[in-house]
> 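Before I ask anything, let me first share the structure, which is written out below as structure tokens.
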Amino acid sequence: MAAYYVSTPIYYVNDAPHLGHAYTTVAGDVLTRWHRQRGEDVWYLTGTDEHGQKIMRTAEANGVSPQEWCDKLVSEAWKPLWEHLEIANDDFIRTTEPRHTQRVQEFVQDLYDKGEIYKGSYTGPYCVGCEEYKAPGDLLEGDLCPIHKRPVEWLEEDNYFFKLSEYGTRLLEFYEANPDFVQPASARNEVVQFVRSGLQDLSISRSSFDWGIKVPWDDKHVIYVWIDALLNYATAVGYGADQAKFDRIWPANVHLVGKDILRFHAVIWPAMLMAQGLPLPGRVFANGWLMVGGEKMSKSNLTGISPRQLTEHFGVDAYRYYFLRAIPFGQDGSFSWEDFTARYTSELANDFGNLASRVAAMVGKYFDGVLPAGSDESLAGPLREAVEKADRAIGEDLDFSGGLGHIFDFVRKVNLYLSEQEPWKVARDTSPEGQAKLASILYAAAESLRAIAVLLNPVMPATAEKLWLSLGAEEHLGALPAQKVHEAGRWGVLPEGATITKGEILFPRLEG
RNA sequence: GGGGCGGUAGCUCAGCUGGUCAGAGCAGUGGACUCAUAAUCCAUGGGUCGCGGGUUCAAGUCCCGCCCGCCCUACCA
């Protein structure tokens with residue numbers, strides 16, 4: 001049984017990470033934490049893409065070598081942010097590492113030997129001011145460079161080409177046989193339509209600059225950064241170097257991508273793997289753009305808010321929660337400070353955090369913090385249902401918003417249960433029957449919280465841990481991350497006698 | 001230009017193959033309660049379902065036209 005392997009894109013280290021990068025990376029982290037709590041062998045990969053002309057230029061502008069520039073950004077910006085956001089990746093690949101560059105050369109050499117790559121010439125619109133080829137679609141009317149507003153020249157240069165055009169039929173057959181390969185469906189339709197319209201061969205080398213992996217049989221060329229970049233998914237898990245590891249992990253179950261790079265992953269990448277005879281990934285899932293005030297967050301438009309600004313105000317866990325809850329995964333989503341605040345207050349503080357508070361307070365007040373035994377299982381059914389729905393939504397469908405919705409529906413049910421049972425009134429009845437009833441009610445509430453902690457751990461690990469400890473669960477049940485999702489729905493797991501303490505407030509009310 | 005998606009209550013959005021589909025959450029208002037982070041629970045939503053036609057016994061739900069927004073239309077990372 002191969003590992004459940006999830007990748008993020010490797011991010012281009014031209015600049016510091018922004019909300020969009022963090023969004024994808026948190027989603028992958030939640031997905032993989034969820035699968036770990038299913039007890040699966042999981043591999044979560046992220047990393048950085050460090051070659052290419054743009055990085056070379058940026059480094060030059062900052063007076064350092066490209067490698068120095070990448071080292072600095074990776075160590076000072078990228079890795080620290082992932083640690084800050086509690087990203088539990090199993091590896092971090094950099095495309096400048098020898099374990100990558102050597103294998104990329106071998107991969108490309110293989111394709112060359114197999115006749116999948118040939119030498120040809122590329123003709124394209126070239127801007128002298130930019131010193132680079134432009135994408136035809138980027139040109140302004142009259143073939144003007146969008147940056148310099150000057151006419152481009154049509155230049156021709158020798159390039160190596162991958163015979164992508166020969167894979168159209170096989171790709172379409174593959175999409176047909178694997179309808180879930182590209183998700184969401186809107187993305188799939190675009191990809192299928194694109195491939196149907198006919199594929200051209202792909203230029204996979206550049207000779208106008210040298211910050212890249214050399215083409216092994218022709219060192220005047222470097223490998224086009226996208227071929228370089230895509231292969232990280234293979235080189236990072238032992239392709240050509242550690243066969244046992246590769247066999248265990250390959251292929252990816254899910255490649256998470258931004259929709260800007262969907263085509264590379266849904267068309268070029270599988271074609272490359274077909275050419276090499278490697279198993280194809282299970283899914284390519286394109287998430288949408290985060291919009292702030294109607295404008296997308298992207299590399300070219302770093303308007304506004306950084307991840308750290310938000311975590312400083314709302315906390316890391318609320319940050320991880322918010323974007324996945326508020327935006328259906330795969331769609332573009334509008335984000336706003338106001339909406340974040342509203343969800344924080346209503347869902348995290350009032351519904352969830354307060355539930356934990358009131359239950360702990362009552363067990364403390366009425367039973368001196370020792371969880372009594374109980375026999376009321378009226379919440380067992382709703383819990384089981386919530387677990388099943390959340391597991392399908394998050395674990396299978398990558399519907400984080402829907403999955404969190406199911407978990408929080410259950411949170412509401414527990415609040416409602418307490419309102420109906422009115423344990424504070426039952427507590428006045430000092431008869432054995434009255435006390436037994438009170439015990440049952442509070443046991444049911446605490447047991448519900450136990451399950452909620454397990455279910456929310458992938459999304460909000462620090463908060464779930466606080467709750468776990470306040471329930472006294474660790475002593476009896478072990479570490480929270482070791483709790484299995486499918487066992488979370490069982491009733492009666494938290495043992496009588498557990499020590500319940502009212503810990504710190506999970507989600508303090510926001511100031512201002 | 002061509003293709004795709006969307007325009008439903010103040011806000012964010014559900015509404016699959018046409019007939020309790022006019023809804024949910026949040027916000028607002030009123031009430032109950034007091035264990036709790038002044039939290040929770042209950043009640044309360046007459047909104048031209050973008051506009052105009054059409055098909056049908058019946059249309060947010062299908063067809064045509066129009067308006068508005070976004071996306072794709074290959075080698076930008």
Side-chain angles (χ1 to χ4, degrees), chain A residues 9-15 49-55 57-58 122 124 130 132-138 146-147 159 161-162 164 184-187 189-191 193-204 206 224-227 229 259-264 267-268 288-289 291 294 296 298-300 326-328 331-336 338-339 342-343 345-366 401-402 405 408-409 412 414-427 438 441-442 445 502 504-510:
Chain A
I10 48 172
Y11 302 110
Y12 203 60
V13 290
N14 203 35
D15 214 330
D49 182 9
E50 308 189 356
H51 290 124
Q53 190 167 27
K54 213 166 258 182
I55 286 173
R57 291 251 176 81
T58 304
Y122 174 74
C130 299
E132 66 187 11
Y133 288 94
K134 313 303 290 185
D138 288 344
I147 296 168
N159 275 165
F161 282 82
F162 168 55
L164 180 64
S186 56
N189 292 339
E190 280 182 5
V191 166
Q193 194 53 42
F194 171 74
V195 175
R196 273 195 192 131
S197 72
L199 296 174
Q200 297 172 19
D201 288 345
L202 178 74
S203 153
I204 61 148
R206 296 293 124 99
Y224 172 48
V225 289
W226 261 107
I227 301 300
K259 63 182 188 180
D260 52 335
I261 57 174
L262 172 65
R263 181 169 305 159
F264 293 98
V267 179
I268 297 172
W289 297 122
M291 320 282 272
K296 78 173 184 184
S298 73
K299 290 173 191 170
S300 57
I327 301 167
Q331 295 181 25
D332 289 347
S334 281
F335 136 80
S336 71
E338 291 72 22
D339 187 51
R343 284 208 130 88
T345 301
S346 168
E347 298 173 7
L348 295 179
N350 293 355
D351 288 345
F352 172 44
N354 181 59
L355 174 63
S357 283
R358 66 197 301 211
V359 172
M362 283 190 277
V363 175
K365 187 167 183 175
Y366 303 135
S401 177
F408 273 73
D409 283 345
R412 287 166 185 255
V414 181
N415 272 321
L416 178 55
Y417 170 81
L418 290 176
S419 289
E420 288 171 344
Q421 298 298 319
E422 299 180 305
W424 50 91
K425 282 186 184 169
V426 177
L438 177 62
I441 295 165
L442 294 184
K502 187 169 176 186
E504 62 183 298
I505 297 293
L506 298 183
F507 295 98
R509 303 192 70 72
L510 297 168

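Since the model is a prediction, treat every value here as computed from it, not as a measurement. So that the names make sense, note that chain A is the first sequence line, chain B the second, and so on, each numbered from 1.
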> Using the C1' atom in both, what is the distance from B:G65 to B:U55, to the nearest Å?
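About 15 Å, rounded to a whole number of Å.
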> Could you pull out all residues at least two apart from A:Thr58 that satisfy side-chain hydrogen bond (donor to acceptor under 3.5 Å, both in side chains)?
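Checked A:Thr58 against side-chain hydrogen bond (donor to acceptor under 3.5 Å, both in side chains); matches are A:Asn14.
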> Starting at atom CG of A:Leu355, determine the distance to atom P of B:C41, rounded to an integer number of angstrom.
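Rounded to the whole Å, the gap is 10 Å.
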> Given that A:Asn14 and A:Pro508 both sit by RNA chain B, which one's nearest nucleotide is further toward the 5' end?
A:Pro508
> Would you mind classifying the nucleic acid contact of A:Gly52 as base, sugar-phosphate or nothing, using non-hydrogen atoms under 4.0 angstrom?
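Nothing, no heavy atom under 4.0 Å.
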> Roughly how many Å is it from CD1 in A:Ile327 to P in B:C13, rounded to a whole number?
9 Å
> Rounded to whole Å, how long is the line connecting atom CG of A:Asn189 with atom P of B:C71?
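After rounding, the reported distance stands at 18 Å.
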> Which one, B:A74, B:U40, B:C75, comes nearest to the side chain of A:Asn415?
B:U40
> If we take the C1' atom in both B:U37 and B:G31, what is their distance in whole Å?
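The answer is 23 Å between these two C1' atoms.
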> Looking at A:Phe507 and A:Leu348, what are the two nearest heavy atoms and their distance?
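What the structure gives for the nearest pair is CD1-O, 3.4 Å.
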> B:C75, B:C72, B:C76: which one has an atom nearest the side-chain heavy atoms of A:Lys54?
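For the A:Lys54 side chain, the nearest candidate turns out to be B:C76.
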> Stems involving RNA chain B: give each as a range paired with a range, ordered by first number, where a stem means at least three consecutive Watson-Crick or G-U wobble pairs under 3.5 Å.
B:1-7 with B:67-73, B:10-13 with B:23-26, B:28-32 with B:40-44, B:50-54 with B:62-66
> Between B:U48 and B:C5, how far apart are the two P atoms, rounded to whole Å?
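After rounding to an integer number of Å, I get 27 Å for this pair.
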> Who are the side chain to side chain contact (heavy atoms under 4.5 Å, CB included) partners of A:Glu190, not counting sequence neighbours?
none
> Whole-Å distance between B:A36 P and A:Gln421 CD?
18 Å
> Which letter, B, S or -, goes with each nucleotide of nucleotides 24-35 of chain B from 5' to 3', with contact meaning a protein heavy atom under 4.0 Å?
-SS------SSB
> Can you tell me how far C1' in B:G47 sits from the matching atom in B:G28, rounded to whole Å?
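16 Å, rounded to whole Å.
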> Does A:Asp339 have any salt bridge (Lys or Arg N to Asp or Glu O under 4.0 Å) partners at least two apart in sequence or in another chain, and if so, which?
A:Arg343
> Among B:C72, B:A36, B:C41, which nucleotide has an atom closest to any side-chain atom of A:Leu416?
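Of the candidates, B:C41 comes closest.
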> For B:G60, does the O4'-C1'-N9-C4 or O4'-C1'-N1-C2 angle fall within 90° of 0, making it syn, or is it anti?
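B:G60: syn glycosidic orientation.
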> Over 60° means perpendicular and under 30° means parallel, so classify the ring planes of A:Phe264 and A:Trp226, tilted if in between.
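Parallel: the ring planes of A:Trp226 and A:Phe264 meet at under 30°.
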> Quantified in whole Å, what is the C1' atom distance between nucleotide B:G10 and nucleotide B:G3?
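My reading of the C1' atoms in B:G10 and B:G3 gives 35 Å.
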> To the nearest Å, how far apart are A:Ile55 CD1 and B:C76 C1'?
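So the CD1-C1' distance, A:Ile55 to B:C76, works out to 13 Å.
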> Applying salt bridge (Lys or Arg N to Asp or Glu O under 4.0 Å), name anything that partners A:Lys259, two or more places apart in sequence or on another chain.
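Result, salt bridge (Lys or Arg N to Asp or Glu O under 4.0 Å) vs A:Lys259: A:Asp332.
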> With a 4.0 Å cut-off on heavy atoms, is A:Phe194 in touch with a base, just the backbone sugar-phosphate, or nothing at all?
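Base, at least one base heavy atom under 4.0 Å.
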> At their closest point, which heavy atom of A:Ala361 faces which heavy atom of A:Lys502, and how far apart are they?
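Heavy atoms only, the tightest pair is CB-CD, 4.2 Å.
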> side-chain hydrogen bond (donor to acceptor under 3.5 Å, both in side chains) with A:Asn350: which residues, sequence neighbours excluded?
A:Arg509
> Minimum heavy-atom separation for A:Leu506 and A:Ala356, please, with both atom names.
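That closest heavy-atom pairing would be CD1-CB, 3.7 Å.
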> Any base atoms under 4.0 Å from A:Asp339, or only sugar-phosphate, or nothing? Heavy atoms, all strands.
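Contact class for A:Asp339: none.
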> Write down the distance separating the C1' atoms in B:C41 and B:A9, rounded off to the nearest Å.
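Their C1' atoms lie roughly 24 Å apart.
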> From CG of A:Leu202 over to P of B:C75, roughly how many Å is that when rounded to an integer?
10 Å
> Looking only at heavy atoms, which two atoms of A:Val426 and A:Leu438 are closest? And how far apart?
CG1-N, 3.7 Å
> Expressed as a whole number of Å, how far does the C1' atom of B:C49 sit from that of B:A14?
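One C1' to the other, the span is 13 Å.
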> Which part of the nucleic acid does A:Gly198 contact within heavy-atom distance under 4.0 Å: base, sugar-phosphate only, or nothing?
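Base: the residue A:Gly198, judged by heavy atoms under 4.0 Å, touches a nucleobase.
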> In whole Å, what is the span from the CD1 atom of A:Ile268 to the P atom of B:C76?
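Value for this atom pair: 11 Å.
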> Given B:U73, B:A38, B:C75, which nucleotide is nearest the side-chain atoms of A:Arg509?
B:A38
> Identify whether any heavy atom of A:Leu199 sits under 4.0 Å from a base atom; if not, whether one sits that close to sugar-phosphate; answer base, sugar-phosphate or nothing.
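If one applies the 4.0 Å heavy-atom cut-off, A:Leu199 turns out to touch a base.
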> Looking only at the side chain of A:Arg206 (C-beta and beyond, no hydrogens), which of the listed nucleotides B:C72, B:C76, B:A36 gets closest?
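Nearest to the side chain of A:Arg206 among the choices is B:C76.
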> Could you work out, with salt bridge (Lys or Arg N to Asp or Glu O under 4.0 Å) as the rule, every residue matching A:Lys365, not counting sequence neighbours?
none
> With A:Glu420, which residues qualify under salt bridge (Lys or Arg N to Asp or Glu O under 4.0 Å), at least two apart?
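Testing A:Glu420 for salt bridge (Lys or Arg N to Asp or Glu O under 4.0 Å), a comparison that skips the adjacent residues, returns none.
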> Between A:Phe264 and A:Leu506, which is nearer to the 5' end of RNA chain B once each is assigned its nearest nucleotide?
A:Leu506
> With a 4.0 Å cut-off on heavy atoms, is A:Asp201 in touch with a base, just the backbone sugar-phosphate, or nothing at all?
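Base, at least one base heavy atom under 4.0 Å.
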> How close or far is atom P of B:A14 from atom CG of A:Asp409, stated in whole angstroms?
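Atom CG in A:Asp409 sits about 16 Å away from atom P in B:A14.
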> Taking atom P in both B:G25 and B:U61, compute the distance separating them and give it to the nearest angstrom.
25 Å
